[in-house]
Enquirer: 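Take this structure, written in structure tokens, and hold onto it; I'll ask about it next.
Values below: all heavy atoms of this structure, side chains included; hydrogens, waters and symmetry mates excluded. Below, chain A is the first sequence line, B the second, and so on; all start at residue 1.
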2 protein chains.
Amino acid sequence: MPSDDANPNPLLSERIRIALADEIMAGALAPGQALDEQQIGDRFGASRTPVREALRQLAAAGLVEIRPRRGAIVGGFTAERIVEMFEMTAEIEALCVRLAAWRMTPVERSRLARLHDESEAMVANNDIDGYDRLNWEFHRTIYEGTHNSFLAEQAIALRDRMAAFRRTQLREEGRPVRSRGEHEKVLEAIMRGDGEEAARCMRAHMFNASIALERFTAKREPAPNN
Amino acid sequence: MPSDDANPNPLLSERIRIALADEIMAGALAPGQALDEQQIGDRFGASRTPVREALRQLAAAGLVEIRPRRGAIVGGFTAERIVEMFEMTAEIEALCVRLAAWRMTPVERSRLARLHDESEAMVANNDIDGYDRLNWEFHRTIYEGTHNSFLAEQAIALRDRMAAFRRTQLREEGRPVRSRGEHEKVLEAIMRGDGEEAARCMRAHMFNASIALERFTAKREPAPNN
DNA sequence: TGTTCCTCTAGTGTATGCAAGATCGTTTCT
DNA sequence: AGAAACGATCTTGCATACACTAGAGGAACA
């Protein structure tokens with residue numbers, strides 16, 4: 001069947017999964033709304049089979065809820081839940097950095113410092129995407145610094161789920177500068193091997209990011225209807 | 001919902017998922033081994049469709065790895081990885097209890113104390129399964145005490161993944177008594193609202209459970225051959 | 001009029017069939 | 001003989017067909 005688009009990923013279920021995830025994140029699908037397999041399949045020109053696979057994946061990621069024999073509904077992505085996700089993310093990040101401050105090798109510490117240095121130019125040029133990329137690398141290096149690959153995987157998965165909010169948050173005026181300043185404090189604590197202090201700084205960092213997101217979205221979208 | 005055997009769930013895919021999960025946990029399937037859909041389907045008297053669903057679920061839970069168009073293989077469940085999982089579980093439990101100590105309502109605190117009281121009889125009668133059930137309730141009450149439902153869900157999911165190891169751990173001679181003693185210390189710290197101390201006690205509790213598991217499995221299975 | 005039971009339908013769970021891609025052995029060329 | 005190309009075969013990805021259950025809605029009854 002000749003496709004009408006040039007998607008490099010040949011897996012239909014994957015494409016559906018991504019598309020549905022985007023729509024849910026963007027709020028195009030209201031929480032609690034029923035997701036009919038046939039209907040979604042028609043919308044993507046696919047049969048129910050790949051749709052089902054996509055829905056299972058999304059259920060595992062927490063974006064939809066599946067009740068056996070009763071179909072799937074959009075998961076509750078309310079403002080309250082987003083706050084909860086931010087809190088958990090902050091605590092996981094704090095946990096990672098606490099362990100990392102104790103366990104990172106000199107090579108890893110050096111890499112972290114280098115990443116932080118490189119980010120200075122991005123902030124100066126107001127290159128949001130570039131800083132976002134380095135930001136990601138910074139946190140990822142910390143995850144790996146825990147020397148607990150299971151924990152690192154979980155942290156990465158969690159961060160992926162929050163990716164949409166994270167980038168938004170950086171668009172607030174002056175946020176990248178302050179974000180980098182917070183990174184600096186985290187970095188210093190890591191260099192001193194002070195895990196508890198690093199954790200405190202990281203918690204503050206995530207909290208500030210959360211606040212920035214709230215302010216930014218409140219400005220752009222004054223009344224989120226229910 | 002924890003997978004108790006008394007569940008007459010008529011969903012074939014679910015039964016297959018549970019069975020495969022058990023086999024992987026028990027080490028009956030070696031890490032890296034290929035999982036042929038047809039073959040598994042034959043083994044359960046099912047077609048490939050429910051097998052596929054089960055494999056997707058397991059992939060989401062991290063038990064198997066799926067390479068597109070190249071099939072599924074058993075995920076790396078090495079001894080090192082189990083240690084990592086225990087560490088993360090311990091930290092998550094510590095995080096939950098820290099928040100719970102600050103946020104639990106009097107009603108919730110009372111319920112927790114009651115659960116702890118009830119467990120005394122189980123320990124006295126050496127009722128492992130009964131204590132395991134109350135143990136689960138105890139921890140679950142703490143999760144909910146965080147008043148962060150997202151965090152609670154993640155903690156429950158993690159605990160489910162470790163369920164097999166957790167019950168094993170309690171079979172060590174005298175472990176239930178000591179486990180209950182550790183709970184008592186956690187409970188006291190919660191009652192005082194001392195989150196940091198509660199977290200420390202919980203970390204120690206989980207660490208001891210991990211050690212108990214290691215000793216128990218080392219005794220029963222001196223040489224895990226492959 | 002309110003309740004209970006039944007039927008009917010919409011929609012999920014499973015089986016089967018078909019096509020595309022991956023693996024591996026064979027063949028052919030240098 | 002070694003390496004690259006080719007093709008047979010096996011497995012996955014997707015489509016379609018059938019089975020079975022949960023709810024909705026109406027009919028029968030108190």
Enquirer: Please report, rounded to the nearest Å, how far the P atom of D/dT21 is from the CD atom of A/Glu37.
Expert: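 Rounded to the whole Å, the gap is 17 Å.
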Enquirer: Give the rounded distance in Å between these two atoms: CD of B/Gln38 and P of C/dA15.
Expert: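 Whole-Å distance recorded here is 11 Å.
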Enquirer: Is any side-chain N of the basic residue among A/Arg140 and A/Glu144 closer than 4.0 Å to the acidic one's carboxylate O?
Expert: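 So A/Arg140 pairs with A/Glu144 through a salt bridge.
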Enquirer: With a 3.5 Å cut-off and no angle check, do the side chains of B/Gln169 and B/Arg175 form a donor-acceptor pair?
Expert: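 Judged by distance alone, the side chains do pair up.
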Enquirer: Write down the distance between CD1 (B/Ile16) and C1' (C/dT14), rounded to a whole number of angstrom.
Expert: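 That distance rounds to 10 Å.
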Enquirer: Quick one: B/Glu53 CD to C/dA15 C1', roughly how many Å, whole number?
Expert: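 Checked: the CD to C1' distance equals 13 Å.
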Enquirer: Assess the side chains of A/Tyr143 and A/Glu153: does a donor N or O sit below 3.5 Å from an acceptor N or O?
Expert: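 Their side chains do not contain a donor-acceptor pair, so the 3.5 Å distance test is not met.
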Enquirer: When the distance from CZ of B/Phe44 to P of C/dG13 is rounded to whole Å, what number comes out?
Expert: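 Value for this atom pair: 19 Å.
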Enquirer: With heavy atoms under 4.0 Å as the rule, sort B/Leu35 into base, sugar-phosphate or nothing.
Expert: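 Sugar-phosphate only.
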Enquirer: Report yes if at least one side-chain N or O of B/Arg56 is closer than 4.0 Å to OP1 or OP2 of D/dG13; otherwise report no.
Expert: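 So the side-chain polar atoms of B/Arg56 do come within 4.0 Å of the phosphate oxygens OP1 or OP2 of D/dG13, strictly under.
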Enquirer: Find the distance B/Arg17:CZ to C/dG13:P and express it as a whole number of Å.
Expert: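 Distance, rounded to whole Å: 14 Å.
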Enquirer: Ignoring backbone atoms, establish whether B/Arg70 has a side-chain N or O less than 4.0 Å from OP1 or OP2 of D/dT12.
Expert: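 For B/Arg70, the contact criterion (side-chain N or O under 4.0 Å from OP1 or OP2 of D/dT12) is not met.
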Enquirer: Has the side chain of B/Arg48 got a donor or acceptor atom sitting under 3.5 Å from an opposite partner on the base of D/dG13?
Expert: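 Yes, a donor-acceptor pair under 3.5 Å.
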Enquirer: Taking B/Arg109 for the side chain and B/Met104 for the main chain, is one N or O donor matched with an acceptor at less than 3.5 Å?
Expert: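 Yes, because the side chain of B/Arg109 sits within donor-acceptor range (under 3.5 Å) of the backbone of B/Met104.
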Enquirer: Specify the separation, in whole Å, of atom CG of B/Asp36 and atom P of C/dA22.
Expert: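 It is 17 Å, rounded to the nearest whole Å.
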Enquirer: Please assess A/Glu108 against A/Thr141 for the test side-chain hydrogen bond (donor to acceptor under 3.5 Å, both in side chains), listing each intermediate value before the final yes or no.
Expert: CA-CA 7 Å; A/Glu108 288 167 335; A/Thr141 303; over 6 Å; no
Enquirer: What integer distance in Å separates A/Arg52:CZ from D/dC14:C1'?
Expert: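 Distance check: A/Arg52 CZ to D/dC14 C1' gives 14 Å.
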Enquirer: DNA chain D: A/Pro50 or A/Arg69, which has the more 5' nearest nucleotide?
Expert: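 Closer to the 5' end of DNA chain D: A/Pro50.
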Enquirer: If the cut-off is 4.0 Å, is A/Thr49 near the phosphate of D/dG13, judged by side-chain N/O to OP1 or OP2?
Expert: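 For D/dG13, neither OP1 nor OP2 has a side-chain N or O of A/Thr49 closer than 4.0 Å.
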